[in-house]
Amino acid sequence: MASAEGSKGKKPLLIRAAWGEQVERPPVWVMRQAGRYLPEYHEAKRGLDFFGTCRDAEVASELTVQPVDRYEGLIDAAIIFSDILVIPQALGMEVTMVDKVGPGFPDPIKTPADLSKLKRVEEIDEALVDRELGYVMDAIRATKRKLRGRVPLIGFCGAPWTLAAYMIDRGGSKTFHRPTAFLRKHPDAAHDLLARCTAVAIPYLVKQVQAGAELLQVFDSWAGELAPADFDEFALPYLRQIAEGVDRALDGLGIERVPKTVFAKGAWFALDKLCDIGYQVVGLDWTHDPAEAVRIAAGRVTLQGNMNPCWLIAGKDVIDQQVKRMVQGFGGGKKGYIANLGHGIFPEVDPDDLKTFFECIHKYGSQ
């Protein structure tokens with residue numbers, strides 16, 4: 001059954017909030033909402049490994065819709081089940097994903113010469129995206145059919161710096177000292193690698209919109225590993241290029257622009273600049289004070305976030321207290337705000353506690 005909003009011809013709550021419109025309450029969804037905390041997730045995987053799950057449009061779409069089915073009436077978006085590391089795979093790198101361990105790169109970038117193993121910028125085009133990442137668009141189309149207009153669908157990709165950090169660091173570490181050092185030791189090669197990631201990200205996001213995504217998010221999960229000067233040189237320009245490139249491509253295709261979110265986790269120092277690089281929404285982690293973020297943004301963008309996901313395992317009373325504080329900090333949430341966590345949900349979260357989070361957003365956001 002289509003949503004009441006859709007039947008009246010009004011855009012979904014999430015989309016209106018993303019464009020900065022006055023809304024009746026803040027929309028809410030959470031990062032990693034299609035995931036391991038749900039018992040039905042494990043049943044639906046049908047023995048597939050992680051990337052096998054991503055590549056199976058039927059399974060990926062089923063996982064995407066699961067939280068919408070479970071929390072129907074409480075949740076305002078679906079986000080496609082995929083991973084940011086599909087872009088390194090499209091560039092020619094092998095990426096593994098081991099359950100309870102995380103991503104791995106058996107043959108990482110160690111020296112500038114290693115970039116020869118990847119597709120060059122001039123080799124990256126729509127045909128490559130179709131060939132290497134077409135399964136994501138298949139999953140988006142399948143998800144749209146299953147959603148039946150109930151909520152909008154979010155597409156996404158990883159930001160160039162975060163992708164490069166994984167590609168250089170063999171998959172991830174607690175310090176990311178190798179990729180950070182690579183930026184200054186081999187700046188030309190670093191910019192080359194970042195440009196290649198960007199060259200894939202733009203057509204990839206555009207194709208997600210063509211397949212049915214109604215909002216896009218760019219995840220710069222390791223932005224906080226960079227000092228402000230390094231962020232300004234090696235992260236911010238590529239985030240801007242993605243925003244501008246997607247809009248330019250959609251304009252050229254005669255497709256209506258969709259709102260875009262940038263989430264630069266840990267880059268609290270960059271909030272002012274992130275408000276001016278072409279995104280309509282800026283995601284915040286829990287290190288931001290909501291009221292201060294509202295002051296800095298000054299109405300230029302919609303803000304998204306930012307409850308610490310740890311509170312989801314601290315009990316329902318704590319969830320209620322923290323949601324109330326958060327919503328009040330964002331001025332009540334009826335303009336320029338999308339409720340979310342400050343990062344992804346943990347696998348050990350009780351689904352009923354996430355339901356409490358959603359219910360509290362509705363309660364305090366409707367006051």
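Below, all heavy atoms of this structure are taken into account, side chains as well, without hydrogens, waters or symmetry copies. Since this is a predicted model, take the numbers as computed values, not measurements.
- Between the side chain of R150 and the backbone N or O of L147, at least one donor-acceptor pair lies under 3.5 Å.
- The closest side-chain heavy-atom distance from T302 to Q280 is not below 4.5 Å.
- Proximity of D107 to E94: side-chain heavy atoms (C-beta onward) are nowhere separated by under 4.5 Å.
- The heavy-atom pair separating L226 from A235 by the smallest distance is CD1-CB, 4.1 Å.
- For D272, the side chain to side chain donor-acceptor pair (under 3.5 Å) criterion is met by R300, not counting sequence neighbours.
- The minimum heavy-atom distance linking A159 with D220 is given by the pair CB-CG, 3.4 Å.
- Between F234 and L194, the closest side-chain pair of non-hydrogen atoms falls below 4.5 Å.
- The shortest heavy-atom contact between R325 and Q322 is NE-OE1, 3.2 Å.
- Here the straight-line distance linking atom CG of D320 with atom OH of Y364 works out to 3.5 Å at 0.5 Å rounding.
- Salt-bridge formation is not detected for the pair K146/D69: no Lys NZ or Arg NE/NH1/NH2 atom is positioned less than 4.0 Å from an Asp or Glu carboxylate oxygen.
- Side chains of V281 and Y279 form no contact here, defined as non-hydrogen atoms less than 4.5 Å apart.
- In this structure, CZ on F50 lies 4.5 Å from CZ on F81, to the nearest 0.5 angstrom.
- Checked for salt-bridge contact, E233 and R184 meet the test: a charged N lies under 4.0 Å from a carboxylate O.
- Under the 3.5 Å distance criterion, the side-chain polar atoms of Y337 are left unmatched by any main-chain donor or acceptor of V294.
- Between D285 and K265 there is no salt bridge, since no side-chain nitrogen of the basic residue lies less than 4.0 Å from a carboxylate oxygen of the acidic one.
- Taking K185 as the reference, nothing meets the salt bridge (charged side-chain N to carboxylate O under 4.0 Å, His left out) condition, with sequence neighbours excluded.
- Remark: E24 does not engage K10 in a salt bridge, criterion side-chain N to carboxylate O under 4.0 Å.
- For the atom pair CG (L274) and CZ (R240), the distance works out to 10.0 Å, reported to the nearest 0.5 Å.
- With values rounded to the nearest 0.5 angstrom, T111 atom OG1 is found 10.5 Å from I168 atom CD1.
- Hydrophobic clustering, with ILVMFWY side chains joined whenever heavy atoms are under 4.5 angstrom apart, keeps F269 apart from W286.
- R25 and D76 are joined by a salt bridge, as a carboxylate oxygen and a charged side-chain nitrogen come within less than 4.0 angstrom of each other.
- In this structure, the side chain of K144 does not engage the main chain of A213 through any donor-acceptor pair within 3.5 Å.
- Ion pairing between D352 and K316 fails under the 4.0 Å rule for side-chain N and carboxylate O.
- In this structure, Q33 contributes its side chain and A77 its backbone to a donor-acceptor pair below 3.5 Å.
- Nearest heavy-atom pair across W161 and P179 is CH2-CB, 3.9 Å.
- Smallest separation of non-hydrogen atoms from C157 and L205: SG-CD1, 3.7 Å.
- Proximity of a side-chain donor or acceptor of N340 to a complementary backbone N or O of G305 within less than 3.5 Å is not detected.
- By the rule that hydrophobic residues join a cluster once side-chain heavy atoms approach within less than 4.5 Å of another member, F105 and F182 end up as members of one cluster.
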Audit row: D251, R248, salt bridge (charged side-chain N to carboxylate O under 4.0 Å, His left out) steps and yes/no | CA-CA 5 Å; D251 290 348; R248 188 164 51 247; over 6 Å; no
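- D276 contributes no side-chain N or O that, together with a main-chain N or O of K273, makes up a donor-acceptor pair within less than 3.5 Å.
- Contact of the T53 side chain with the Y41 side chain is not registered, since no non-hydrogen atoms from C-beta on lie closer than 4.5 Å.
- Ion pairing between R46 and E58 fails under the 4.0 Å rule for side-chain N and carboxylate O.
- A heavy-atom distance below 4.5 Å is found between the side chains of P259 and I15.
- Ring pair F156/F219 is perpendicular by interplanar angle, where above 60° counts as perpendicular and below 30° as parallel.
- Checked by atom type and distance alone, the side chain of R196 pairs as donor or acceptor with a backbone atom of L115 at under 3.5 Å.
- Both I84 and M97 sit in one connected hydrophobic cluster of ILVMFWY residues. Membership requires side-chain heavy atoms under 4.5 Å apart, directly or through other members.
- Scanning both residues, A339 and I361, for their nearest heavy atoms gives CB-CD1, 3.6 Å.
- Between the side chain of Q304 and the backbone N or O of V282 there is no donor-acceptor pair closer than 3.5 Å.
- Interatomic distance, OH of Y166 versus CZ of F176, reported as 5.5 Å (0.5 Å rounding).
- For the pair L193/L163, no side-chain contact is recorded, criterion being any heavy-atom separation below 4.5 Å from C-beta on.
- D247 places a side-chain heavy atom less than 4.5 Å from the side chain of K260.
- The hydrophobic cluster containing M93 does not contain V121, counting ILVMFWY residues as joined when their side-chain heavy atoms lie under 4.5 angstrom apart, directly or transitively.
- How far NZ of K355 is from SG of C360: 12.0 Å, rounded to the nearest 0.5 Å.
- Remark: the backbone N or O of C54 is not paired with any side-chain donor or acceptor of D83 at under 3.5 angstrom.
- Between the side chain of T180 and the backbone N or O of H177, no donor-acceptor pair lies under 3.5 Å.
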